[in-house]
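None of these values were measured; they are calculated from a predicted model. Heads up: numbering here begins at 1 and tracks the sequence. Worth knowing before you read on, the calculation uses all heavy atoms, side chains too, and leaves out hydrogens, waters and symmetry mates.
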Amino acid sequence: MAMNNSFPVIDSGGANGQRFIEAKPDSDWEPKGPLPDGSTRAPILDKAGHLLVTGRQRLNTARLTAVASDQKYIGNGWIPVSGMEPDQGKGAAVFINSTIGRLQLFLRPAKTLDYPQYNPNVVADLMLPDLSDPRVLNVLSDAWEQTRFTEVPVFREGECEVRRIWDDAVAEAIGLDSAVLTRQRLLLHQEPLVSGNNYGDVIVD
């Protein structure tokens with residue numbers, strides 16, 4: 001049960017962590033001492049967001065790169081993005097979980113290849129579609145609603161319906177041929193850091 005002055009946190013990662021694109025708090029944060037200047041609200045709570053992006057994950061056993069919710073949360077191992085409305089956070093979560101979003105994170109600098117860790121600057125640098133465009137926002141947020149109750153397989157399991165839905169929504173939203181994203185997604189599934197296979201076992205046709 002949450003204690004006084006505590007706040008729900010998105011805390012878990014990896015295969016046993018967040019399993020759905022809808023953020024599910026799994027621990028509580030509370031101040032370790034008195035709040036400054038007699039405040040009734042800890043400053044960290046001002047950074048809570050409807051969208052949270054992974055701050056670290058193993059590329060084969062994690063499931064999601066971003067989660068979103070109607071509620072605002074802070075994260076441990078998840079970086080909250082403030083300034084978004086709920087539907088914008090949902091749309092952004094679909095985009096960041098799509099093949100385009102995952103590839104963007106692949107290209108961002110990290111300390112290790114198989115277990116990258118990202119800082120807020122990396123997250124702020126991610127390119128997103130125009131979420132102020134009602135058509136774009138509706139397509140992406142609808143995909144979030146469609147898949148919010150679908151458990152997402154770990155990356156190494158490869159092709160699955162939920163990732164196809166996200167990529168198809170992204171393709172529609174940004175005017176891209178869905179076949180292009182499908183091919184990139186299938187190639188990403190074969191990437192050794194994702195699949196766990198050796199490079200010699202990868203078949204590219």
Side-chain angles (χ1 to χ4, degrees), residues 14-15 18-23 50-54 57-68 81 84 86-110 113-114 116 118 122-205:
Q18 297 292 303
R19 294 172 176 266
F20 304 85
I21 196 169
E22 182 173 18
H50 295 288
L51 170 70
L52 293 98
V53 180
T54 183
Q57 62 177 188
R58 195 164 299 284
L59 295 181
N60 60 352
T61 58
R63 300 171 187 268
L64 293 145
T65 53
V67 292
V81 178
M84 285 189 173
D87 281 352
Q88 292 176 320
K90 295 172 185 178
V94 168
F95 188 84
I96 297 170
N97 278 299
S98 76
T99 298
I100 291 178
R102 290 174 64 193
L103 288 174
Q104 283 195 72
L105 285 171
F106 254 65
L107 296 173
R108 295 308 190 264
L113 288 176
D114 66 330
Y118 307 108
V122 168
V123 172
D125 192 40
L126 291 176
M127 292 183 292
L128 297 176
D130 183 2
L131 296 173
S132 67
D133 183 324
R135 186 193 65 81
V136 171
L137 181 59
N138 288 340
V139 169
L140 294 177
S141 60
D142 284 351
W144 185 94
E145 294 289 350
Q146 182 181 351
T147 59
R148 63 185 293 192
F149 300 118
T150 302
E151 184 169 326
V152 181
V154 297
F155 291 136
R156 69 184 175 202
E157 292 184 21
E159 185 67 340
C160 63
E161 179 70 4
V162 68
R163 299 195 194 283
R164 183 193 65 77
I165 291 172
W166 293 338
D167 274 0
D168 285 352
V170 166
E172 180 181 350
I174 65 176
L176 183 68
D177 184 347
S178 63
V180 173
L181 275 188
T182 296
R183 175 166 173 76
Q184 295 302 315
R185 182 176 70 251
L186 296 177
L187 289 173
L188 184 55
H189 293 331
Q190 295 185 61
E191 165 60 41
L193 290 173
V194 175
S195 67
N197 295 325
N198 295 320
Y199 276 96
D201 297 330
V202 175
I203 300 174
V204 180
D205 51 3

| query | Less than 4.5 Å apart, any side-chain heavy atom of T150 and any of I165? | reply | no
| With P116, which residues qualify under side chain to side chain contact (heavy atoms under 4.5 Å, CB included), at least two apart? | L59, A110, Y118
| Any side-chain heavy atom of P86 sitting closer than 4.5 Å to one from H50? | yes
| Selection residues 152-161 - residue pairs positive for salt bridge (charged side-chain N to carboxylate O under 4.0 Å, His left out), sequence neighbours left out | E159-R185, E161-R164
| field | Heavy-atom pair of closest approach, residues A92 and L131 | value | CB-CD1, 3.9 Å
| At what distance, to the nearest 0.5 angstrom, does CG of L140 lie from CG of D87? | 11.0 Å
| query | Hey, mind stepping through M127 and I100 against side chain to side chain contact (heavy atoms under 4.5 Å, CB included) and telling me if it holds? | reply | CA-CA 9 Å; M127 292 183 292; I100 291 178; over 6 Å; no
| remark: D114 meets the side chain to side chain donor-acceptor pair (under 3.5 Å) criterion, sequence neighbours left out, with R58
| Student check: side-chain heavy atoms of Q18 and L52 closer than 4.5 Å | no
| query | Can any side-chain N or O of R148 pair as donor or acceptor with the backbone N or O of F20 at less than 3.5 Å? | reply | no
| request: Quick one: pull up CG in L128 and CD1 in I174 and give me the separation to the nearest 0.5 Å. | output: 11.0 Å
| query | If you measure from CG on L105 to OG1 on T54, what distance do you get to the nearest 0.5 Å? | reply | 7.5 Å
| task | Determine whether L126 and R108 make a side-chain contact, defined as any pair of heavy atoms from C-beta on separated by less than 4.5 Å. | result | yes
| When rounded to the nearest 0.5 angstrom, what is the spacing between CG in N138 and CD in E172? | 10.5 Å
| task | Among T65, T61, L193, L188, find the residue that satisfies the side-chain contact (heavy atoms from CB on, under 4.5 Å) test when tested with F155. | result | T65
| Given side chains that start at C-beta, do those of L64 and I21 come closer than 4.5 Å, heavy atoms only? | yes
| query | How many angstroms lie between atom CD1 of I96 and atom CH2 of W166, to the nearest 0.5 angstrom? | reply | 11.5 Å
| query | Nearest heavy-atom pair of V139 and A169: which atoms, and what distance? | reply | CG1-O, 3.3 Å
| Looking only at heavy atoms, what is the nearest atom pair of V152 and V162, with distance? | CG1-CG1, 4.2 Å
| said: For L181 versus L176, what's the shortest heavy-atom pair and its separation? | reply: CG-CD2, 3.7 Å
| field | Closest approach of N97 to R102 (non-hydrogen atoms, all atoms of both residues) | value | O-CD, 3.7 Å
| said: Distance check, rounded to the nearest 0.5 Å: C160 atom SG versus R63 atom CZ? | reply: 10.5 Å
| query | Any idea which heavy atoms bring S178 and A171 closest together, and the distance? | reply | CA-CB, 3.7 Å
